[in-house]
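Structure record follows, encoded as structure tokens.
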2 protein chains.
Amino acid sequence: MIDYDVLLEQFKLIIKESGLKYTKQRELIVKYLYDNHGHFTPEEINDALKITYPDMTIGIATVYRTLTLLEDAGLVTSISFGAQGKKYEFGLKKHHDHLVCKQCGIITEFYDEVIEKQQHEIANKINFKMTDHTMKIIGVCQSCQNLTLTRNNS
Amino acid sequence: MIDYDVLLEQFKLIIKESGLKYTKQRELIVKYLYDNHGHFTPEEINDALKITYPDMTIGIATVYRTLTLLEDAGLVTSISFGAQGKKYEFGLKKHHDHLVCKQCGIITEFYDEVIEKQQHEIANKINFKMTDHTMKIIGVCQSCQNLTLTRNNS
DNA sequence: CTGACTGCAAAATCTTTGCAAAGAC
DNA sequence: GTCTTTGCAAAGATTTTGCAGTCAG
């Protein structure tokens, strides 16, 4: 995993090159996603920052604006959940896809060489210029399956 | 592709078994998705029905409620687009995945045996009980690529 | 008849925008 | 200083809900 200091430098560089400003709020959001690997809604990020930095006021609008900015810059990526918003995660990890448990909502990441390769082939076959892809496997994770069993046996 | 009459029977059966009622509105929405293969937002469906059946009033709420019902019944499936809602499509086709052009928004469907198989293997490996999956390849379709070329050359 | 369904409008979510004040460079 | 960013609140956009009337079975 990339070092936080290196990440910060990269972030500052992107900021500078775009003629934008480097602010505390932006850093905190990047830092939060870096430190807490996982998938968060804008609101979760906002709430967490409010708790961690009670003396700072960060508006939810800023979180949205920053996440959009960070996504454009490639520092974070998002994953959609139906109509009910997006979740964001730190984006400079190796590309991966997601398994989503529809019972507890937990998201597990995976990477599979065969799938990656096949996707390129599919896109190439029809002259589609692939820039990105997402894959979600939806189902029930092992611990939720166990829970169900337990409940049935009791 | 399944016959419309057969589909209707199946739909009526599902309705009856759930103790629900068979209404004109529900039929029209099923019919619309059957006749117009493609991917539609609830609003698009609502607008289209308003035009096709000017003498019927179908509330947007009914479209939402019906789509949820139909999705639960497996007659339609949905594909999410970030925070900006879902699109629905007729769901009794053979399973397939999507290529989404980020310029014109056109959705192309594909089915790939290798990917399907690999997904099962990934889920099995970690004891994840897969019930569904979605895969989106995002990029630029051939005609949008051509447009860009044309624009650059002119 | 009874209970489900509908349309409407209001409410609830989630996200974006306008604006004056504050902050980065 | 200049121009961007921020927080707030208001506005938008999308989806859901409450309710009285309507309709299917």
Side-chain angles (χ1 to χ4, degrees), chain A residues 8-9 11-30 32 39-50 53-73 75-76 78-88 105, chain B residues 8-9 11-30 32 39-50 53-73 75-76 78-88 105:
Chain A
L8 254 196
E9 282 316 303
F11 178 40
K12 285 184 183 171
L13 200 67
I14 291 168
I15 289 281
K16 183 174 277 181
E17 282 181 346
S18 314
L20 303 174
K21 315 246 156 153
Y22 178 78
T23 67
K24 195 70 187 162
Q25 286 84 347
R26 284 173 181 174
E27 183 187 331
L28 291 182
I29 292 168
V30 171
Y32 181 79
H39 305 76
F40 307 100
T41 62
E43 215 182 330
E44 281 165 357
I45 296 169
N46 189 50
D47 292 349
L49 291 179
K50 267 207 182 86
Y53 309 96
D55 43 340
M56 269 212 87
T57 55
I58 296 186
I60 185 76
T62 299
V63 176
Y64 276 102
R65 283 185 286 223
T66 303
L67 287 172
T68 304
L69 179 80
L70 293 174
E71 192 169 17
D72 288 347
L75 291 180
V76 310
S78 61
I79 171 173
S80 317
F81 288 88
Q84 285 345 323
K86 287 186 196 180
K87 288 189 178 181
Y88 290 84
Chain B
L8 254 195
E9 281 319 303
F11 177 42
K12 285 183 183 171
L13 202 65
I14 292 168
I15 289 281
K16 183 174 280 181
E17 283 182 344
S18 316
L20 303 175
K21 313 244 156 150
Y22 179 78
T23 66
K24 196 68 187 163
Q25 287 85 345
R26 286 175 178 174
E27 182 186 333
L28 291 182
I29 291 167
V30 172
Y32 181 78
H39 305 75
F40 308 100
T41 62
E43 216 183 329
E44 281 165 356
I45 296 169
N46 189 50
D47 292 349
L49 291 178
K50 267 207 180 89
Y53 309 96
D55 43 339
M56 269 212 88
T57 55
I58 298 186
I60 185 78
T62 299
V63 176
Y64 276 101
R65 283 183 286 223
T66 303
L67 287 173
T68 304
L69 180 81
L70 293 174
E71 192 170 17
D72 288 349
L75 291 180
V76 309
S78 62
I79 170 173
S80 318
F81 289 88
Q84 287 341 323
K86 288 187 194 178
K87 288 189 178 181
Y88 290 83

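Throughout, protein chains are lettered first and strands after them, A, B, ... in sequence-line order, and every chain is numbered starting at 1. The shown structure was predicted, so the numbers you read here are calculated from the model rather than taken from an experiment.
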Ordered by number, residues from residues 40-49 of chain B within less than 4.0 Å of DNA chain D (heavy atoms) are E43(B)
Working note: L28(A) + Y32(A), criterion side chain to side chain contact (heavy atoms under 4.5 Å, CB included); need CA distance, chi angles, decisive distance, verdict. CA-CA 6 Å; L28(A) 291 182; Y32(A) 181 79; over 6 Å; no
Is the phosphate of [N] approached by [X] (side-chain N or O, under 4.0 Å from OP1 or OP2)?
X	N	value
Q25(B)	dG7(C)	yes
R26(A)	dT6(D)	yes
Y64(A)	dT16(C)	no

Specify the angle, to 10°, made by the local axes at the two ends of the helix from dC1(C)-dG25(D) to dC25(C)-dG1(D) when five pairs are taken at each end.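 Comparing the axis at each end, I get an angle of 40°.
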Distance, nearest 0.5 Å, that separates CG of L13(B) from CG of L8(B):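 So the CG of L13(B) and the CG of L8(B) are separated by 12.0 Å.
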For the atom pair CD1 (I58(A)) and CG (D47(A)), what is the distance rounded to the nearest 0.5 Å? 11.5 Å
Using whole Å, what does the distance between atom [atom2] of nucleotide [N] and atom [atom1] of [X] come to?
X	N	atom1	atom2	answer
E17(B)	dA4(C)	CD	C1'	18 Å
E71(A)	dT16(C)	CD	P	11 Å
Y53(B)	dG7(C)	OH	P	14 Å
K16(A)	dT5(D)	NZ	P	15 Å
M56(B)	dC23(D)	CE	C1'	11 Å
L69(B)	dA4(C)	CG	C1'	12 Å
I60(B)	dT14(D)	CD1	P	10 Å
Y88(B)	dT14(D)	OH	P	14 Å

Sole residue of L75(B), T41(B), V76(B), V63(B) in side-chain contact (heavy atoms from CB on, under 4.5 Å) with Y88(B):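 Going through L75(B), T41(B), V76(B), V63(B) one by one, the side-chain contact (heavy atoms from CB on, under 4.5 Å) with Y88(B) is satisfied by V76(B) alone.
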How far apart are the closest heavy atoms of S78(B) and E71(B), and which atoms are they?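 Where S78(B) meets E71(B) most closely, the heavy atoms are OG-OE2, 2.6 Å.
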Considering residues at least two apart in sequence or located in another chain, which fulfil the side-chain contact (heavy atoms from CB on, under 4.5 Å) criterion with [X]?
X	value
K12(A)	E9(A), Y22(A)
I60(B)	E43(B), N46(B), Y64(B)
S18(A)	I14(A), L20(A)
T66(B)	R26(B), I29(B), T62(B), L70(B)

Heavy atoms only, 4.0 Å cut-off, all strands: where does I58(B) land among base, sugar-phosphate and nothing? sugar-phosphate
Where protein sits on nucleotides 18-25 of chain C, one letter per nucleotide: B base, S sugar-phosphate only, - none, heavy atoms under 4.0 Å: B----BBS
For E44(B), what residues pass the salt bridge (charged side-chain N to carboxylate O under 4.0 Å, His left out) criterion, not counting sequence neighbours?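 Listed in chain order: nothing, the list is empty.
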Going by the rule side chain to side chain donor-acceptor pair (under 3.5 Å), which residues pair with T23(A) if we only count those two or more places apart in sequence or in a different chain? none
Below 4.5 Å, heavy atoms only, C-beta onward: do M56(B) and L49(B) meet side chain to side chain?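 Not in contact.
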